[in-house]
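Below is one structure; the comments refer to it alone.
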Amino acid sequence: MQSSLDGAKSRNQALASELEATGAQLSAALNDREHATERGMKLGERVEVLHGKLADLRDTQTELLGRLAETSQTESERLTKILASTGVNVERLLAAQGGASAAQGGPFEAAERSANGNKTTPDETLELALAEAGGHLDRLEGLRKTIRSVPLIAPLDAYYVSSSYGKRKDPINGQVAMHRGLDFGARYRSPVFATAPGIVKYAGWKGLYGRFVEIDHGNGISTRYGHLRRIHVKRGQEVDFRDKIAEMGNSGRSTGTHLHYEIVVDGDTVDPMKFLKAGKDVFKG
């Protein structure tokens, strides 16, 4: 019996040692799990903070894009109104410059609904704001290119208007006549400048106009300069904005030194004063 008791005691001691070791392992495992849970909670909190920052950044970007779209739309509408006041076809000019116009089209295909049904997600809102701002900026850039191609300034640095566009008493025979341009008074031999980029369509003597230059600016718009003293360009020559093309004179049917200036749109003369006023309005903005 004693031997059996001694054997049982030894087994109990071994079991106690094994139990103690198992307890230590369990304690370590519980400790590791506690640390892992704590790290997981901290990681989750960090992820949540980052999600919040990302949402704030997305909202800020959406707001900024909205302001940009509103500002560019307002400026586009202002420039469109100014250009339209001259009588030109703004949308046609925009299309020729490669700018965004109001012309749109294509087959209709309904867009898929978002996961929330009809509710637009924040990401979709940001994409829409980006697309809207991009569209307004494209149109604005097209309008600015168009403005640079339209004659919106006077062909002289210093001048006064001696005769307006429209019906007037002819200065030579006194009869009522239609005056198709503006007459600018200035010093003899004053430099005459191209009012927009283009290609010289005519340069030389042209009957009652005297020495005469015509510049084709494209898109149906051209400018004419008459009664010149001297011409500095030739037919087919490409000229840039404000290039010197001639000197003011008194050639042709003229009563004194002046420049006869015309603007032609789609074959018809228009009042150049509308373009000069539009140019002032553009630069005011």
Gap between atom [atom2] of [Y] and atom [atom1] of [X] - 0.5 Å precision:
| X | Y | atom1 | atom2 | value |
| --- | --- | --- | --- | --- |
| Asp271 | Ser164 | CG | OG | 7.5 Å |
| Thr146 | Glu141 | OG1 | CD | 9.5 Å |
| Leu79 | Ser72 | CG | OG | 11.0 Å |
| Leu143 | Arg148 | CG | CZ | 11.0 Å |
| Leu83 | Leu93 | CG | CG | 7.0 Å |
| Ile172 | Thr255 | CD1 | OG1 | 6.5 Å |

What's the shortest heavy-atom distance between [X] and [Y], and which atoms?
| X | Y | value |
| --- | --- | --- |
| Asp216 | Gly218 | OD1-N, 2.9 Å |
| Val90 | Ala84 | CG2-N, 3.6 Å |
| Ala69 | Ala133 | CB-CA, 3.8 Å |
| Phe184 | Pro155 | CE1-CD, 3.7 Å |

List the atom pairs, donor and acceptor, that lie under 3.5 Å between side-chain atoms in residues 191-198 and the rest of the protein, sequence neighbours left out.
residue	atom	partner	partner atom	Å
Thr195	OG1	Tyr225	OH	3.3
Thr195	OG1	Tyr261	OH	3.0

Partners of [X] by side chain to side chain contact (heavy atoms under 4.5 Å, CB included), sequence neighbours excluded?
| X | value |
| --- | --- |
| Asn250 | Ser254, Thr257 |
| Asp59 | none |
| Glu247 | Arg189, Arg229, Arg230, His232, Lys244 |
| Leu126 | Arg58, Gln61, Thr62, Leu65 |

Which residues pass the ring-ring contact (aromatic ring centres under 6.0 Å, His included) test with [X], not counting sequence neighbours?
| X | answer |
| --- | --- |
| His179 | His260 |
| Tyr165 | none |
| His217 | none |
| Phe212 | Tyr202, Tyr209 |

Short N-O contact, Glu70 and Arg67, less than 4.0 angstrom: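 No, no charged N to carboxylate O under 4.0 Å.
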Ionic contact status for Asp268 with Arg180, cut-off 4.0 Å: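 Salt bridge: no.
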Check against salt bridge (Lys or Arg N to Asp or Glu O under 4.0 Å), Arg168 and Asp183: CA-CA 12 Å; Arg168 68 172 183 177; Asp183 285 346; 3.3 Å; yes
Could you check if a side-chain atom of [X] sits within less than 4.5 angstrom of a side-chain atom of [Y], using non-hydrogen atoms only?
| X | Y | answer |
| --- | --- | --- |
| Leu276 | Lys280 | no |
| Leu228 | Met248 | no |
| Leu182 | Ser163 | no |
| Glu262 | Thr223 | no |
| Ser149 | Phe241 | no |

Are [Y] and [X] co-members of a hydrophobic cluster defined by side-chain heavy atoms under 4.5 Å apart?
| X | Y | value |
| --- | --- | --- |
| Val264 | Val213 | no |
| Ile221 | Met273 | yes |
| Ile199 | Val233 | no |

Any donor-acceptor pair under 3.5 Å from [X] side chain to [Y] backbone:
| X | Y | result |
| --- | --- | --- |
| Asp240 | Asp243 | no |
| Thr71 | Leu68 | no |
| Arg187 | Tyr159 | no |

With Arg139, the salt bridge (charged side-chain N to carboxylate O under 4.0 Å, His left out) member among Glu132, Glu77, Glu91: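 It is Glu91, the one option of Glu132, Glu77, Glu91 that forms the salt bridge (charged side-chain N to carboxylate O under 4.0 Å, His left out) with Arg139.
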Residues that Arg144 engages under salt bridge (Lys or Arg N to Asp or Glu O under 4.0 Å), provided they are two or more places apart: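 Applying salt bridge (Lys or Arg N to Asp or Glu O under 4.0 Å) to Arg144 gives none.
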Asp157: salt bridge (Lys or Arg N to Asp or Glu O under 4.0 Å) partners, not counting sequence neighbours: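 Residues passing salt bridge (Lys or Arg N to Asp or Glu O under 4.0 Å) with Asp157: Arg242.
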With Pro151, the side chain to side chain contact (heavy atoms under 4.5 Å, CB included) member among Ile263, Thr86, Ile215: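 The option that passes is Ile263.
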Flag if over 12 foreign heavy atoms under 6.0 Å of CZ, Arg235: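 For Arg235, atom CZ is not crowded (no more than 12 foreign heavy atoms under 6.0 Å).
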Over 12 non-hydrogen atoms of neighbours within 6.0 angstrom of CD in Gln237: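 Check passes, neighbour count above 12.
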Worked verdict on Arg92 versus Asp266 for side-chain contact (heavy atoms from CB on, under 4.5 Å): CA-CA 12 Å; Arg92 190 184 71 178; Asp266 294 331; 3.0 Å; yes
Hydrophobic cluster (4.5 angstrom, side-chain heavy atoms) - remaining members for Leu64: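 Joined to Leu64, directly or through intermediates: none.
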